[in-house]
Amino acid sequence: KQLNRNAGFSLLELLIAVAIMAVLIGASLTTYLVVSKSNVKKASGAINDTLTLARERSKTIAAEEWNATIEASGDKVVVKLVKIVKDDEKILTESVLDEQELPSNVDVKIVDRNGVTRFIGNKSGEYKKVSIVFETMTGAVKSVYYNGVRFDKMDISKRKMQIIYYYGDKKSSSISLFFVTGKHMID
């Protein structure tokens, strides 16, 4: 008599298959978290670099205005270094000197002095554009524009503003910007 060996998987075979799947899932989750953290660092670095350039150039290179702008455009969020100059006829001309696209899976939020969170972006964003203008010669924050509406330094107070990066629902990184000096730091 011949035995029927097609009875299915043995317990040992099933345990080995489950162990291999667990290792593969663990490796892919670790990779996903590393990429997420890398995207947050890239976003905070891009905005920090643009703030630094705008502040330093406002103190050293003549222009009507230097600003760092975070803007949602289409499906992306970009950070720009903008120089505004006035010609002989007193017409203002805006020049974008640097532009960097932020990773699409990182949310950018700004918290003002009253603790009000302002979202930037197309998915959940109430604001499509935030511009931080630095004073000539001092590098202090002169004003902030939300969607083109100006909030002077006196309205924002002499405290600070935070630019916060989220991945999913968790705060991943933030930049504190101090209005009186224009200095900023990654928290």
Side-chain angles (χ1 to χ4, degrees), residues 39-74 76-103 106-122 125-166 171-187:
N39 284 342
V40 169
K41 284 185 178 183
K42 180 180 176 185
S44 63
I47 293 178
N48 188 53
D49 291 348
T50 303
L51 288 170
T52 299
L53 281 172
R55 181 174 182 267
E56 292 304 316
R57 289 189 178 179
S58 72
K59 295 188 312 183
T60 59
I61 300 174
E64 189 69 23
E65 198 173 272
W66 284 95
N67 71 54
T69 299
I70 306 166
E71 182 175 8
S73 173
K76 60 184 179 176
V77 177
V78 295
V79 60
K80 302 175 185 179
L81 173 65
V82 179
K83 176 183 180 182
I84 298 176
V85 294
K86 194 183 288 186
D87 64 13
D88 295 335
E89 288 89 39
K90 303 202 184 240
I91 297 174
L92 296 177
T93 306
E94 184 176 295
S95 301
V96 176
L97 301 178
D98 186 33
E99 183 174 324
Q100 298 179 53
E101 184 177 342
L102 302 182
V106 176
D107 291 327
V108 180
K109 302 174 185 180
I110 293 182
V111 180
D112 68 13
R113 70 176 173 96
N114 298 319
V116 176
T117 301
R118 302 172 191 280
F119 300 89
I120 302 172
N122 293 311
E126 59 191 283
Y127 293 96
K128 301 294 183 201
K129 184 176 182 180
V130 174
S131 295
I132 301 158
V133 181
F134 292 90
E135 288 183 3
T136 306
M137 302 303 290
T138 67
V141 175
K142 179 178 178 181
S143 57
V144 176
Y145 292 84
Y146 293 104
N147 285 347
V149 177
R150 182 180 177 155
F151 290 86
D152 289 327
K153 184 166 58 174
M154 297 309 290
D155 295 326
I156 307 170
S157 97
K158 295 182 178 180
R159 296 184 194 168
K160 67 179 182 178
M161 164 170 104
Q162 282 191 301
I163 303 170
I164 304 173
Y165 312 95
Y166 286 83
K171 174 184 168 187
S172 300
S173 181
S174 67
I175 293 177
S176 294
L177 174 65
F178 300 92
F179 294 122
V180 174
T181 62
K183 291 183 179 179
H184 52 281
M185 63 182 186
I186 296 178
D187 298 330

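- Between F178 atom CZ and H184 atom NE2 the span is 11.0 Å, to the nearest 0.5 Å.
- Across every non-hydrogen atom of G182 and F134, the tightest pair is O-CE2, 3.8 Å.
- Considering all non-hydrogen atoms of both residues, V82 and E94 come closest at CG1-CG, 3.2 Å.
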Are I84 and V133 close enough, and set up right, to give a side-chain contact (heavy atoms from CB on, under 4.5 Å), and what steps lead you there? CA-CA 10 Å; I84 298 176; V133 181; over 6 Å; no

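- To the nearest 0.5 Å, atoms CD1 (I132) and CZ (F179) are separated by 7.5 Å.
- From I163, atom CD1 reaches atom CD1 of I47 across 5.5 Å, with rounding to the nearest 0.5 Å.
- Under the rule for a side-chain contact (heavy atoms from CB on, under 4.5 Å), the partners of Q100 that lie at least two apart in sequence or sit in another chain are A46, T50, V79, D98.
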Atom pairs and distances, side-chain donor-acceptor, residues 60-71, under 3.5 Å, sequence neighbours left out:
from	atom 1	to	atom 2	distance (Å)
T60	OG1	E56	O	2.9
W66	NE1	R57	O	3.4
W66	NE1	I61	O	3.1
N67	OD1	T69	OG1	2.8
T69	OG1	S131	OG	2.9
E71	OE1	K80	NZ	2.8

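- Surrounding NZ of K59 are more than 12 heavy atoms belonging to other residues, nucleotides or ligands, all under 6.0 Å away.
- A distance of 5.5 Å separates CZ in R55 from OG1 in T181, rounded to the nearest 0.5 Å.
- Distance CG/L177 to CE/M185: 11.0 Å, rounded to 0.5 Å.
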